[in-house]
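Just below is one structure, and these are the notes that go with it.
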Amino acid sequence: MGYVSLKTKFPNVILYILFGTALAKFLSENAILDLMGEIAIVLLFFLMGLEFNTKRLGSIAKKIWSSGLLDIVLNLGVTALITVLFGLNWYNAFLIGGIVFATSSSITAKLLNEKGRMANAETEFILGVMIFEDLVAPIFVAILIALGSGTAFTGTDLLLLIAKILGLAVAAIILGKTVFKKFEDLLIKLEDEDIRIALLVGIATLFGGLAIYLGLSEVLGAFLAGVMLAEIGKVERIQTSISPIQDLLLPLFFVSFGTTIDLVHGVPYAGLLVTLVVWSIVAKVLVGIIGGRWYGLTKRVSLRAGLSICARGEFSVVIAALAAANIKVFSGIYVIIAAFIGMLLFNYAPKITIMVYGKPVKTKKNLRPPMF
């Protein structure tokens with residue numbers, strides 16, 4: 001499937017999910033596959049956390065917070081309201097809202113690179129929005145797990161949950177600035193790559209396990225473990241050791257998710273599915289148009305940015321994995337459709353922008369010769 005994706009330039013996430021769906025009869029409830037997929041997600045969020053030391057987190061928050069909040073309101077909040085209007089309960093409504101909220105970082109970043117748009121004016125804004133979503137995603141997953149525990153969830157429980165999240169985050173930052181300050185020196189001394197990998201995977205899974213022990217999500221713990229080690233500065237050595245393991249295991253997570261999608265009984269909530277596919281495209285384009293203007297982009301560039309952030313993928317699947325059977329099938333179908341449409345909109349974003357605003361006018365510099 002990876003080879004097919006490479007040759008066709010079709011998102012590999014979709015192919016892995018479809019592959020799992022095709023083999024669901026043989027691979028459903030496979031303990032080894034599920035375990036490998038869970039470790040892959042822990043390593044994914046661990047590597048993501050390595051990109052965010054506390055200084056970078058602060059600078060991103062200052063520039064993108066208004067656009068990020070707009071993203072939450074339109075894609076999570078309004079989607080949840082629409083879902084409730086279709087008769088689902090509030091828990092499932094917010095779960096589906098989270099699925100719609102998360103742009104696919106892997107698909108979007110891959111397309112930006114392949115289409116030669118990394119130097120474009122809108123790219124910094126797009127990456128900023130995705131980073132904001134990446135920060136919100138693990139916290140949102142932790143809240144969903146607490147809400148879905150089956151027990152009554154009161155205001156006190158919410159405050160306790162927030163306190164646990166803040167406590168774990170503060171502990172990670174303090175450890176990063178004290179105990180792990182010289183961690184890079186230790187990695188250099190560890191010449192054996194096997195030991196280095198075991199140590200790093202151990203730190204990620206240990207923090208993930210600590211988060212589960214506190215009633216939070218393992219992805220939040222893994223993300224904070226990455227933030228903790230990001231304080232050492234140069235993280236390339238860590239990324240070099242962990243990335244191959246994550247790359248090997250991550251497809252198994254999507255295959256595992258695909259095995260849970262049962263299409264024998266048809267598409268559940270078909271009306272809601274069509275409505276959310278349309279709304280989710282409109283909402284992301286609005287985030288680009290309005291948020292891009294707040295960010296300082298021109299109308300033309302803002303529209304192009306909005307059309308480029310419609311793809312859903314890996315984080316939507318992570319959130320969908322928390323759902324019950326029908327919602328999981330619904331979510332899987334939505335992710336496949338949204339990823340495909342998002343990829344098309346990304347490819348045609350420059351042409352659509354020209355159709356709306358016309359070709360950009362090139363201003364000629366004043367070539368008048370100097371006066372002597």
Do [X] and [Y] make a side-chain contact, defined as non-hydrogen atoms from C-beta onward lying under 4.5 Å apart?
| X | Y | result |
| --- | --- | --- |
| F46 | I238 | yes |
| L229 | L200 | yes |
| I327 | L88 | yes |
| E218 | T205 | no |
| I82 | L272 | yes |
| L175 | F207 | yes |
| I309 | E133 | no |
| N12 | M1 | no |

Q: Before giving the answer on side-chain contact (heavy atoms from CB on, under 4.5 Å), spell out for T83 and L95 the whole-Å C-alpha distance, their side-chain angles and the decisive distance to 0.1 Å.
A: CA-CA 10 Å; T83 305; L95 190 146; over 6 Å; no
Q. Which residues pass the side chain to side chain contact (heavy atoms under 4.5 Å, CB included) test with L127, sequence neighbours left out?
A. L112, T123, M130
Q) Can you list the residues that meet the side chain to side chain contact (heavy atoms under 4.5 Å, CB included) rule with A349, with sequence neighbours excluded? A) R117, R304, L307, S308
Spacing of [X] atom [atom1] and [Y] atom [atom2] [to the nearest 0.5 Å]:
| X | Y | atom1 | atom2 | value |
| --- | --- | --- | --- | --- |
| F223 | L50 | CZ | CG | 9.5 Å |
| R293 | S302 | CZ | OG | 6.0 Å |
| F253 | L43 | CZ | CG | 13.0 Å |
| T103 | N75 | OG1 | CG | 7.0 Å |
| W294 | L69 | CH2 | CG | 8.5 Å |
| S67 | F125 | OG | CZ | 4.5 Å |

(Q) Applying side-chain contact (heavy atoms from CB on, under 4.5 Å) to L250 and I41, what does each step give before you reach the verdict? (A) CA-CA 7 Å; L250 192 58; I41 290 302; 4.0 Å; yes
Under the 3.5 angstrom rule, does the side chain of [X] hit a backbone N or O of [Y] as a donor-acceptor pair?
| X | Y | result |
| --- | --- | --- |
| R312 | G342 | no |
| N89 | Y91 | yes |
| K177 | A172 | no |

**Q.** Pairs flagged by side chain to side chain donor-acceptor pair (under 3.5 Å) wherever residues 242-253 is involved - sequence neighbours left out
**A.** none
Which atoms form the tightest heavy-atom contact between [X] and [Y], and what is the distance?
| X | Y | answer |
| --- | --- | --- |
| G306 | C310 | O-SG, 3.5 Å |
| P268 | V329 | CD-CG1, 3.8 Å |
| L297 | A121 | CD2-O, 3.6 Å |
| G221 | L168 | CA-CD2, 4.2 Å |
| I99 | S331 | CD1-OG, 3.1 Å |
| A93 | A80 | CB-O, 3.4 Å |

Please say yes or no: joined through hydrophobic side-chain contacts below 4.5 Å, possibly via intermediate residues, are [X] and [Y] part of one cluster?
| X | Y | value |
| --- | --- | --- |
| I174 | L166 | no |
| L286 | Y357 | yes |
| V4 | L252 | yes |
| F26 | L18 | yes |
| L220 | I173 | no |

Q. With under 30° as parallel and over 60° as perpendicular, where do the rings of F254 and Y16 fit, or are they tilted in between?
A. parallel
Q: Output all residues satisfying ring pair (Phe, Tyr, Trp, His ring centres under 6.0 Å) with F94, sequence neighbours left out; order by chain, then residue number.
A: W90
Q.
Counting neighbours of CZ on F180 that are heavy atoms of other residues, nucleotides or ligands and sit closer than 6.0 Å, is the number greater than 12?
A. yes
Q: Please step through side-chain contact (heavy atoms from CB on, under 4.5 Å) for the pair V285 and L303, ending with a clear verdict.
A: CA-CA 7 Å; V285 172; L303 175 60; 4.1 Å; yes
Q | With sequence neighbours excluded, residues passing side chain to side chain donor-acceptor pair (under 3.5 Å) with S256 | A | D34
Q: Sequence neighbours left out, what passes side chain to side chain donor-acceptor pair (under 3.5 Å) with E124? Give chain and number order.
A: K63, Y295
Q) Side chains of S280 and Y334: is there a donor and an acceptor less than 3.5 Å apart? A) yes
Q: Starting from the C-alpha separation in whole Å, work towards a yes-or-no answer on side-chain contact (heavy atoms from CB on, under 4.5 Å) for F101 and I319.
A: CA-CA 10 Å; F101 167 69; I319 296 170; 6.0 Å; no
